[in-house]
Number of protein chains: 2
Amino acid sequence: MGQTVETARELKHVVVREHVRNLVQGAAPGTPAPSERELVSQFGVARMTVRQALDALVVEGLLERMPGRGTFVARPRRTHTPVASFTESVARRGQVAETVTLLARREQAGPGVARALEVAAGSPVIHWRRLRRAGGEAICIQDVYLAPDVLPGVLDSVMPESLYEALCRRGLRPTWSEDSIRADLATDEERDLLDIGADSPAPVLRVSRRALHGERVVEVSRSAYRSDRHTLYLQLGPSS
Amino acid sequence: MGQTVETARELKHVVVREHVRNLVQGAAPGTPAPSERELVSQFGVARMTVRQALDALVVEGLLERMPGRGTFVARPRRTHTPVASFTESVARRGQVAETVTLLARREQAGPGVARALEVAAGSPVIHWRRLRRAGGEAICIQDVYLAPDVLPGVLDSVMPESLYEALCRRGLRPTWSEDSIRADLATDEERDLLDIGADSPAPVLRVSRRALHGERVVEVSRSAYRSDRHTLYLQLGPSS
DNA sequence: CAGTGGTCTAGACCACAGT
DNA sequence: CTGTGGTCTAGACCACTGG
């Protein structure tokens, strides 16, 4: 009794691992974790079992071992930029993203979109064009192309505010993205939508993204950012 | 004979690990590795020792375990964009990078450069301005700022072709970079250096980079890319 | 010194693959 | 069935750290 319903099936090293994870959860970096021998006697398991549990947490980056001293809560390691959505990258700047859907309909995939989505040319795809704002200012025009089965029935209801949130709910949050980035001048249509005056030349940042969940292409998009209102930030680590 | 000079000091799990690594080096994905028990009898060690060796290779992404089947050479996992130098990213496109040094001298760090380099304002820094070409065409103007102790004596000899190669030789290859990217219009000086005609507005991609080796800032740079001749490519994975 | 993590042994039983 | 990896035990000695 008492214990979790599934206790019977729990592996010992998992029990120890999760116990330690809870102890360590939110603790300040440098806080000592229980020593290996301490856990051995607490759980009545072999030391190798405890080490297996701690090894997992070390690989996760939660713990650090210091030979001769002990095991401690690791200081958070630097992490490279994850695949971020517009909503998220705006939130990171402390602003709230707003979205105006300009267009949302079925279309036949053109050759470029079809190749990127890995579907046959002419296949039905969903084309979703949005004007994206932050802090009340127009930031970006974004054309998203989706395979119809990625978000079935989207067109029949209210379009979601955040594409990535919708994908997340379907268990399809992008885990991988391939982006290309270049500078260009805004077209007349873009100038109009982005509230750019007609007098001066307007550079924009064009970002093409192909986002995948595992091996599945979930998003193909092209965005044009007003360069005076948006800078892309990247953190990159080694390829390893 | 034959064996490595330092064999005496080698840990057993390291010996096994490197043995397997050599076996597996360059093998096709899916190729089976020796079974654990096979290695046990080959090396006369305990199975836990063999597992420790293989675990390391699994974490490295070199091997994959398939319960009930065996251990196999893993198919190369997708890897996000590493911190790349101009030379490397041009090479990735199948071209050769050329460099013309426009300026290389000591300067006093301005406030922005000083902050980025984590030195006191007014400290001596090395300012290195280069015109970068690929395929015979001007691509980019790059201003690099270096702390004097990062590449001591660079100014007194021939400037290296590739900054990252020089850093690599000093054991200071960037392992981390923080970049910001935006679109802008070329200045008159940039138009001149980049062979851009004076008639049409010329969008450029401005990339500011702060590159670190571990915790040490090794490079601070600002680059302006001709957008019609250069597109940035990125592959991003989850933050994990 | 006592305590820590790092390494290592020589077994064991299990679930699962393929034959 | 046999062979594989996954889990686990109950010890052991080492090098290192700190007091």
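In what follows, every chain begins at residue 1, and chains take the letters A, B, ... in the order their sequences are listed. Both backbone and side-chain heavy atoms feed into the values below; hydrogens, waters and symmetry mates do not.
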Sugar-phosphate means primed atoms, P, OP1 and OP2; the rest is base. With that split, encode nucleotides 5-11 of chain C 5' to 3' as B, S or - using protein heavy atoms under 4.0 Å. BBBBBB-
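- Nearest heavy atom pair, residue Leu117(A) against residue Val125(A), reads CD1-CG1, 3.7 Å.
- Checking side-chain atoms of Arg210(B) against main-chain N and O of Ala116(B) turns up a donor-acceptor pair under 3.5 Å.
- Arg17(B) and Ala53(B) make their closest contact through N-CB, 3.6 Å (heavy atoms, listed as atom of the first residue, atom of the second, distance).
- With values rounded to the nearest 0.5 angstrom, Thr175(A) atom OG1 is found 7.5 Å from Arg78(B) atom CZ.
- Ring geometry, His19(A) versus Phe43(A): the interplanar angle exceeds 60°, so the pair is classed perpendicular (tilted spans 30 to 60°).
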Test side-chain hydrogen bond (donor to acceptor under 3.5 Å, both in side chains) on His80(B) and Gln235(B) and set out the steps. CA-CA 5 Å; His80(B) 63 86; Gln235(B) 286 90 39; over 6 Å; no
Strand DNA chain C as a dot-bracket string - pairs counted if Watson-Crick or G-U with both distances under 3.5 Å, | where the partner lies in another strand: ||||||||||||||||.|.
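- In plain terms, the two heavy atoms of Pro174(A) and Val218(A) that are nearest each other are CG-CG2, 4.1 Å.
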